[in-house]
Amino acid sequence: MQTPLTAISEEQILKLLDEPRTFEQGFRFLMEQYQERLYWHVRRLVGGHEDANDVLQNCFIKVYRSIRDFEKKSKLYTWLYRIATNEAITFLNQKKRLAASSIDDEERHLANQLKAEAYIDGEELQQRLLMALELLPEKQRLVFNMRYFDELSYQEMSDVLGTSTGALKASFHHAVKKVEAFIRGD
Amino acid sequence: MKEKDHIREELEGLSPLLAGIKEKGLQPPRAPEAYFQSLPDDVLRRIRAEEGLVREESPKARAGWRESLWRPVEFLMQHRYAAGLAGAAALVAVGLYLFWPDNPEATPQPAAMASLSREEIAEYITTNIELFDIGLLVEASGPGVDEAPNPDLFQGVGDEELNRYLEQYLEETSLDELEDLL
């Protein structure tokens, strides 16, 4: 994973963003610092690169226009993550992708297809995992991604999604069970 | 304990299979080459382009356009040009007074001229002011050009009209011409 040439702290970025003279430099550092983490988060949610690129660019444009509203009550990354998540959800809703694919409709078909394969290697397991995620309901997929891939604590997830930590735990557990069942072809 | 460890424990309890996949390390899909190098520039380019469009349409921008129009006028309002400007304004006002169709003291007009609108007359005077006998205009205006013009001269002529004619006159008159009027 590529990192910015010069590591710069959140405080330094915010300081640069506070001054009109250094605002653009600060914004550039912000993008360089967080773009990859946000990209993979968005990409896991929306699927392909082109869509992820659109969503991420929209996300950064929103950040550029509203960074002065950032109240520093949470970490900068949590705030950015929330914006990126909302952008991705808006994008998905607009495209009605989830409406076209529900776990009930497609799981059986894909699972049967996968059952026919005799041997599952590591790469295939990953493939199945990603396929299973595609079929999860939006909220469960989001929670699974945040916990499994981005390794956020339940509290951080709660800050982003505005859902109680208890509900998030339940959602993650359900998602894990569904993904496992899909991979096993149950 | 780090969050990573919490997650591993949680996953091992829920699904050893998923914990194992995660432990082996996932091969993420790839982003296009040099994508992350160019993304900040792409975003900034889009922001500038969108801001450029907004700036063109914003009320602030329209005010800016007016400001730029008034900049030469402000320049002419400096002390060195102010007297000339006042004289020119007085001449335009006198011209309007003398040739205003409603003015009972106005010079009798030929039939062709009577059919002209106020705007056409005003435009004619301002564009052809050099054709008029300045001496006569000054004499007709009563006080000299360096004194305050007779307020009666402006009866029936609104401030807006005067400002409009003055503005138009200034736009069409070079600095040299204004200085010549001094």
Side-chain angles (χ1 to χ4, degrees), chain A residues 1-5 24 27-33 35-36 38-40 43-44 47-50 52-53 56-65 122-123 125-130 132 144 146-156 169 172-181 183-184, chain B residues 1-68 70-71:
Chain A
M1 186 174 279
Q2 194 191 335
T3 49
L5 290 175
E24 192 165 312
F27 184 66
R28 189 178 278 278
F29 278 131
L30 177 149
M31 287 193 284
E32 287 172 354
Q33 189 86 339
Q35 60 181 353
E36 287 201 41
L38 292 173
Y39 171 81
W40 291 116
R43 180 142 176 199
R44 275 193 291 269
H49 166 75
E50 291 304 322
N53 178 43
L56 189 56
Q57 287 202 16
N58 290 340
C59 163
F60 278 135
I61 289 171
K62 234 169 216 174
V63 169
Y64 181 90
R65 291 182 179 144
E123 201 175 321
L125 274 176
Q126 272 195 41
Q127 238 173 352
R128 286 190 180 198
L129 169 62
L130 296 175
F144 186 92
M146 291 169 96
R147 186 76 175 153
Y148 190 82
F149 293 107
D150 295 335
E151 297 177 340
L152 263 62
S153 70
Y154 283 115
Q155 187 53 55
E156 285 170 320
K169 266 184 198 172
F172 180 65
H173 288 200
H174 279 301
V176 167
K177 292 293 177 193
K178 279 183 183 175
V179 170
E180 181 176 343
I183 291 172
R184 290 187 185 283
Chain B
M1 191 186 275
K2 285 183 178 176
E3 194 59 38
K4 210 170 190 166
D5 298 325
H6 280 298
I7 293 167
R8 193 177 57 237
E9 275 186 11
E10 186 182 26
L11 271 176
E12 279 167 357
L14 284 170
S15 166
L17 175 65
L18 287 185
I21 294 172
K22 187 169 169 59
E23 201 65 31
K24 281 179 189 169
L26 293 158
Q27 295 293 319
R30 288 179 183 175
E33 203 178 334
Y35 170 66
F36 293 112
Q37 282 94 320
S38 62
L39 181 64
D41 286 328
D42 293 343
V43 171
L44 286 169
R45 220 179 350 259
R46 260 188 70 184
I47 289 169
R48 286 188 194 114
E50 286 177 18
E51 282 193 340
L53 288 176
V54 171
R55 199 172 296 139
E56 274 175 25
E57 292 167 4
S58 72
K60 195 179 172 186
R62 286 199 292 273
W65 178 82
R66 277 190 221 106
E67 276 170 24
S68 66
W70 271 103
R71 209 164 291 136

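Note on naming: letters A, B, ... go to the chains in the order of the sequence lines (proteins, then strands), and numbering restarts at 1 for each one.
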Thinking salt bridges, do [X] and [Y] make one under a 4.0 Å N-O criterion?
X        : Y        : answer
B:Lys2   : B:Asp5   : no
A:Arg147 : A:Glu151 : no
A:Glu24  : B:Arg48  : yes

Could you look at [X] and say if it's the side chain, the backbone, both or neither that has a heavy atom under 4.5 Å from chain B?
X        : value
A:Tyr148 : both
A:Leu30  : neither
A:His173 : both

Take the angle between the ring planes of A:Phe60 and A:Phe27 and call it parallel below 30°, perpendicular above 60°, tilted in between.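 Taking A:Phe27 first and then A:Phe60, their aromatic rings stand perpendicular (interplane angle over 60°).
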Assign the ring pair A:Tyr39 / A:His49 to parallel, tilted or perpendicular, where the plane angle (0 to 90°) is split at 30° and 60°.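 Tilted.
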Looking at B:Leu14, B:Asp42, B:Leu44, B:Leu11, which has the largest count of heavy-atom pairs under 4.5 Å with chain A?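 With the most close heavy-atom pairs to chain A, the winner is B:Leu14.
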Among the listed options B:Leu17, B:Leu18, B:Asp41, B:Leu39, the residue most often paired with chain A at heavy-atom distances under 4.5 Å: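 Of the options given, most contacts go to B:Leu18.
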